[in-house]
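Below, chain A is the first sequence line, B the second, and so on; all start at residue 1.
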There are 2 protein chains.
Amino acid sequence: MNIINILLVDDHHLVLDGMRALLSQEPDFQVVGEARNGREAVEKATALRPHIVIMDISMPEMDGIEATQLICGNKSLKGTNVMVLSMYSNREFINELMEAGAKGYLLKNTGRAELREAIHTVSAGQRYLCKPVQETMDAPVKSRSRKEGEGFVPITKREKEIIRLLLAEKNSHEIADALHLSPATVETHRKNILHKLDMHSTAGLVRYAMERGWNLEG
Amino acid sequence: MNIINILLVDDHHLVLDGMRALLSQEPDFQVVGEARNGREAVEKATALRPHIVIMDISMPEMDGIEATQLICGNKSLKGTNVMVLSMYSNREFINELMEAGAKGYLLKNTGRAELREAIHTVSAGQRYLCKPVQETMDAPVKSRSRKEGEGFVPITKREKEIIRLLLAEKNSHEIADALHLSPATVETHRKNILHKLDMHSTAGLVRYAMERGWNLEG
DNA sequence: TAAAAAATACCCGGATTCTGGTATTTCACG
DNA sequence: CGTGAAATACCAGAATCCGGGTATTTTTTA
């Protein structure tokens with residue numbers, strides 16, 4: 001039985017330790033590295049060339065979506081497959097990550113048996129989605145205004161700053177003060193963000209950011 | 001050395017498995033039970049009388065704050081101490097949980113050495129806060145309109161339903177339709193929620209709910 | 001260095017939320 | 001079986017946000 005080399009990516013130290021302890025109980029798994037944000041994940045993936053990257057989504061600095069894009073887009077990392085391990089099963093997440101090149105998508109509340117199976121499947125380059133994720137993908141789509149394949153919309157640095165202040169319950173005026181801008185500018189940014197993400201309210205924005213872990217400096 | 005009996009509470013199966021694997025490496029720790037939401041946590045704490053409950057906050061059905069209140073308020077559970085294990089170090093969380101009776105507060109990105117120490121300290125009935133949490137508590141308070149000791153405000157069932165629909169980017173009118181109510185009623189509820197939580201915008205509400213894990217049925 | 005992207009700023013009008021009331025009905029708990 | 005909390009519903013004004021634009025300056029990057 002071949003040993004599978006694993007890179008663990010999660011911003012929570014205890015989760016990393018726990019996963020490592022869990023995986024070390026399996027003789028055919030070998031955790032070769034850990035990363036605590038997207039940037040580190042890309043670096044370590046390049047350096048260590050693991051068979052599989054187990055990737056969290058919400059992380060500071062660079063989230064798991066961007067990191068997945070970079071890793072899967074790197075042709076010299078052909079033998080490295082990405083499996084997402086997330087709390088959320090939103091359609092947006094699933095779509096974006098599949099388009100980014102992830103081969104697997106597990107929820108954090110699946111059991112260890114399924115984790116085992118998923119790691120084997122994905123590290124062999126095959127697809128593995130846990131049941132709730134499959135169901136989400138199979139469910140009828142309502143309207144889908146953002147067209148297929150056009151999934152990736154980069155949010156700029158300034159836009160992220162503004163979102164972070166929105167999370168702190170600030171209105172356009174207060175954000176403008178905090179960033180030394182005109183309120184008009186802040187509203188333009190907000191408008192642009194809403195449009196990019198195909199959303200229509202601050203509530204959606206806050207949710208979007210929270211799901212990606214942007215609440216603590218990112 | 002006495003064995004410390006532990007009840008693990010977290011809604012993510014893999015986190016439970018990971019923590020269990022991690023703790024099983026320590027000879028003086030014994031995981032005697034697991035719970036996946038607040039209600040279960042209270043039940044198992046009562047039945048198993050562990051020395052320590054390691055409690056996540058965001059959970060469906062009943063969150064960790066309520067569960068902590070119930071466990072610490074139960075006089076027959078004098079020997080059971082609660083240690084919170086959370087992603088967030090908001091002042092509100094810390095205050096509420098300390099008032100609820102938690103003895104410890106660890107962030108998920110602390111290391112295993114600190115976890116060990118914290119478990120020993122808290123299971124002995126002493127207080128343990130990790131450094132970032134201490135810093136948050138020590139930091140000067142801005143205004144603090146909700147007075148001390150008046151921390152707990154119960155959010156009703158109906159109010160939670162409305163918050164959940166706000167997370168789905170619905171406005172008052174759409175929420176009213178979904179619940180077969182008058183828009184006026186929905187706005188009254190929103191007003192009451194904002195007042196209860198001492199907030200002033202939907203953004204804060206969404207953040208509040210996301211931090212508690214109310215996004216997936218709760 | 002030229003073109004593209006990001007950041008800045010403004011106008012306008014309609015929609016929605018927020019604030020501060022009041023008031024009636026339903027339901028649960030002691 | 002009564003009292004209080006929860007849920008329902010309305011009014012009105014002020015503040016804020018959302019959608020649709022346009023336009024200039026700065027920064028990146030190809």
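A/D177 has no carboxylate O lying under 4.0 Å from a charged side-chain N of A/K170, or vice versa, which leaves the two without a salt bridge. At a threshold of 4.0 Å, the pair B/K108-B/D10 counts as salt-bridged, since one of the basic side-chain nitrogens sits closer than that to a carboxylate oxygen. Contact check on B/R39 versus B/E43 returns a salt bridge, with a Lys/Arg side-chain nitrogen under 4.0 Å from an Asp/Glu carboxylate oxygen.
Under the salt bridge (charged side-chain N to carboxylate O under 4.0 Å, His left out) criterion, B/R49 pairs with no residue, sequence neighbours left out.
Two residues are said to be in side-chain contact when any heavy atoms from C-beta on lie closer than 4.5 Å; A/P50 and A/I6 fail this criterion. Counting only heavy atoms from C-beta outward, the side chains of A/M55 and A/L7 never approach each other to under 4.5 Å. A/V42 places none of its side-chain heavy atoms less than 4.5 Å from the side chain of A/K44. In this structure, the side chains of B/Y88 and B/L107 stay at 4.5 Å or more apart for every pair of heavy atoms.
Comparing B/E159 and B/P183, the nucleotide of DNA chain D nearest to each residue sits closer to the 5' end for B/E159.
Each of A/D63, A/D11, A/V15, A/L85 was checked for a side-chain contact (heavy atoms from CB on, under 4.5 Å) with A/D56, and the lone residue meeting it is A/D11.
Contacts classified as side chain to side chain donor-acceptor pair (under 3.5 Å) and involving residues 72-81 of chain A (residues at least two apart or in different chains) are given here: A/N74-A/S76.
A nucleotide of DNA chain D counts as in contact with chain B when one of its atoms lies under 4.0 Å from a heavy atom; the first and last such, 5' to 3', are D/dA6 to D/dC10.
For the pair A/R91 and A/F93, the cation does not sit on the ring face, since its NZ or CZ is not both under 6.0 Å from the ring centre and inside 45° of the axis.
In this structure, the helix from C/dT1-D/dA30 to C/dG30-D/dC1 shows an angle of 70° between the axis at its start and the axis at its end, each fitted on 5 base pairs and rounded to 10°.
B/N192 and B/E159 are not linked by any side-chain donor-acceptor pair at a separation below 3.5 angstrom, with hydrogens and angles left out of the test. In this structure, a donor-acceptor pair under 3.5 Å is absent between the side chains of A/R127 and A/T121.
A/T156 comes within 4.0 angstrom of sugar-phosphate atoms only, judged by non-hydrogen atoms across all strands, and of no base.
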Pull out every protein N or O sitting under 3.5 Å from an N or O of nucleotides 17-22 of chain C, one pair per line with the distance.
| unit_1 | atom_1 | unit_2 | atom_2 | d |
| --- | --- | --- | --- | --- |
| C/dT17 | OP1 | B/R190 | NH1 | 3.0 |
| C/dT17 | OP2 | B/S172 | OG | 3.3 |
| C/dC18 | OP1 | B/T202 | N | 2.8 |
| C/dC18 | OP1 | B/T202 | OG1 | 3.2 |
| C/dC18 | OP2 | B/R190 | NH2 | 3.1 |
| C/dC18 | OP2 | B/T202 | OG1 | 3.3 |
| C/dT19 | OP1 | B/H200 | ND1 | 2.9 |
| C/dG20 | N7 | B/K191 | NZ | 3.4 |
| C/dG20 | O6 | B/K191 | NZ | 2.7 |
| C/dG21 | O6 | B/K191 | NZ | 2.9 |

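Contacts of residues 174-182 of chain A with DNA chain C (heavy atom under 4.0 Å): A/L181, A/S182.
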